[in-house]
Amino acid sequence: MTMLNVVAIDGAAGSGKSTLARGLAEALGLPYVNTGIMYRALTLAALNGGVDPDDGAALARLMSSLRFSLSSDEPAEIEVEGSAPSSTLLSDRVEGEVSHVARHPEVRALMREGQRALGLPGAVVEGRDIGSVVFPDAPVKLFLTAEPDKRGERRAEQRGVDDPEEVEEALLRRDTKDAKVNPFEPAADAVVLDTSDRTVDDTLRDAITIVRARLPELFA
């Protein structure tokens with residue numbers, strides 16, 4: 001598979017990957033593809049439609065009926081059925097089931113097809129297995145990590161929750177579930193960035209330096 005201008009960003013929830021991905025997309029003039037939105041949209045559709053999160057075949061059929069596209073904004077971002085993703089996708093209801101939905105091979109296969117279609121010919125794509133599975137030939141692969149307490153603080157602030165320790169525990173439970181299906185390991189050629197003590201600006205600056213070295217044509 002020949003990649004063009006794809007920047008793959010993987011990272012656990014709260015590691016700062018969404019903030020970095022959007023910032024990079026703006027800086028580079030590329031679309032921003034948040035693959036987590038796709039899994040959450042499928043989860044919400046399954047919950048609303050009475051589809052069992054343990055029924056992989058039914059979820060795959062449902063996935064085939066969903067339409068994901070890119071908006072006309074700058075940067076372009078994922079739309080679900082022609083509209084911006086709703087805040088419902090971030091609800092506890094969806095959070096509690098998305099790992100179950102994402103564990104099915106037939107669902108992941110369809111997701112990969114959709115994610116590749118959205119990411120070509122160029123985009124900043126974020127998720128958990130973008131550099132290792134979805135775009136293994138991406139010229140730029142970043143893998144973000146952070147200490148659990150930092151992740152909990154960031155997610156609590158993002159969601160407007162007062163108890164970061166409770167959020168941290170929920171994130172660790174989610175990590176355990178996800179790891180059973182999709183072990184969280186960086187691709188061999190990924191650059192690992194620990195964002196625990198980095199500011200948003202520091203991380204973005206470091207990432208731009210890496211992109212400049214591996215995709216200089218974006219800066220020509």
Side-chain angles (χ1 to χ4, degrees), residues 9-26 30-53 59 62-104 107-108 110-111 114-115 117-119 123-130 134 144 146 148 150-175 177-178 182 195 200 203-204:
I9 302 178
D10 292 309
S15 62
K17 68 178 184 293
S18 295
T19 301
L20 174 61
R22 183 176 284 107
L24 264 183
E26 291 175 354
L30 293 174
Y32 162 46
V33 179
N34 181 340
T35 63
I37 291 293
M38 300 172 72
Y39 283 104
R40 287 176 177 275
L42 175 60
T43 301
L44 181 61
L47 292 171
N48 289 343
V51 176
D52 186 350
L59 289 169
L62 181 59
M63 173 64 189
S64 297
S65 72
L66 293 178
R67 181 169 60 93
F68 298 100
S69 56
L70 292 176
S71 69
S72 58
D73 302 328
E74 293 185 8
E77 297 191 26
I78 280 188
E79 292 184 329
V80 182
E81 301 298 339
S83 299
S86 72
S87 59
T88 310
L89 297 183
L90 302 178
S91 66
D92 291 340
R93 179 173 175 240
V94 172
E95 183 75 28
E97 296 293 342
V98 66
S99 293
H100 294 292
V101 169
R103 68 186 174 88
H104 300 284
V107 169
R108 301 193 71 82
L110 288 173
M111 285 288 184
Q115 290 158 9
L118 291 169
V124 178
V125 187
E126 65 141 300
R128 282 184 58 97
D129 60 357
I130 308 306
V134 181
L144 271 57
K150 295 290 186 181
R151 293 172 54 207
E153 289 172 9
R154 291 168 182 167
R155 179 53 69 91
E157 181 178 357
Q158 180 186 29
R159 300 290 173 83
V161 178
D162 294 329
D163 187 354
E165 290 186 2
E166 180 179 339
V167 175
E168 178 185 338
E169 292 174 1
L171 288 176
L172 292 175
R173 288 195 298 271
R174 169 79 185 274
D175 288 348
K177 290 180 182 178
D178 288 341
N182 185 19
T195 66
V200 170
T203 304
L204 178 59

Practice item. List in chain and number order the residues that pass side chain to side chain contact (heavy atoms under 4.5 Å, CB included) with Leu62, two or more places apart in sequence or in another chain; answer none if no residue qualifies. Key: Leu42, Ala45, Ala46, Val51, Ser65
Point to revise | Where Ser64 and Leu110 come nearest, the two heavy atoms and their spacing | key: OG-CD1, 3.7 Å
**Study point:** Glu26 side chain to Tyr32 side chain, donor-acceptor N/O pair below 3.5 angstrom
**Key:** no
**Study point:** Gap separating the CZ atom of Arg108 from the CD atom of Gln115, nearest 0.5 angstrom
**Key:** 8.0 Å
Check your understanding: Can you find a heavy atom in the side chain of Ile9 that is under 4.5 Å from one in the side chain of Ile130?
Key -> no
Check your understanding: Run the side-chain contact (heavy atoms from CB on, under 4.5 Å) check on Leu89 and Ile37 step by step: do they pass?
Key -> CA-CA 7 Å; Leu89 297 183; Ile37 291 293; 4.0 Å; yes
Check your understanding: What do the steps show when you test Leu144 against Asp10 for side-chain contact (heavy atoms from CB on, under 4.5 Å), and what is the final call?
Key -> CA-CA 6 Å; Leu144 271 57; Asp10 292 309; over 6 Å; no
Review point. In Å, rounded to the nearest 0.5 Å, how long is the span from CG of Asp52 to CD of Glu97?
Key: 9.0 Å
Review point. How many angstroms lie between CG in Leu20 and OG1 in Thr195, if you round to the nearest 0.5 Å?
Key: 9.0 Å
Review point. What pair of heavy atoms forms the shortest contact from Ala146 to Ser15, and how long is it?
Key: CB-CA, 4.1 Å
Exercise for review: Compare every heavy atom of Pro31 with every heavy atom of Leu70, then report the nearest pair and how far apart it is.
Suggested key: CD1-CB, 3.9 Å
Acceptor/donor pairs from residues 75-86 side chains to any protein atom, 3.5 angstrom cut, sequence neighbours excluded:
residue: Glu77; atom: OE1; partner: Arg22; partner atom: NH2; Å: 3.4
residue: Glu77; atom: OE2; partner: Arg22; partner atom: NE; Å: 3.2
residue: Glu81; atom: OE2; partner: Arg67; partner atom: N; Å: 2.9
residue: Ser86; atom: OG; partner: Thr88; partner atom: N; Å: 3.4

**Study point:** Residue pair Arg40, Val101: steps toward the side-chain contact (heavy atoms from CB on, under 4.5 Å) verdict
**Key:** CA-CA 9 Å; Arg40 287 176 177 275; Val101 169; over 6 Å; no
Practice item. Say whether Glu126 and Ser18, considering side chains only, have a donor N or O and an acceptor N or O under 3.5 Å apart. Key: yes
Point to revise | Any residue meeting side chain to side chain donor-acceptor pair (under 3.5 Å) with Asn48, in chain and number order, not counting sequence neighbours | key: Arg93
**Study point:** Contact summary for Met38 and Gly114, nearest pair of heavy atoms
**Key:** CE-C, 4.1 Å
Review point. For Ser71, which residues count as a side chain to side chain donor-acceptor pair (under 3.5 Å) partner, sequence neighbours excluded?
Key: Asp73
Study note, to complete from the structure: In terms of heavy-atom contacts, Val33 and Ala123 come closest through CG2-CB, 4.1 Å
Point to revise | Taking every non-hydrogen atom, the tightest pair across Arg103 and His100 | key: CG-O, 2.9 Å
Review point. What do the steps show when you test Tyr39 against Arg128 for side-chain contact (heavy atoms from CB on, under 4.5 Å), and what is the final call?
Key: CA-CA 12 Å; Tyr39 283 104; Arg128 282 184 58 97; over 6 Å; no
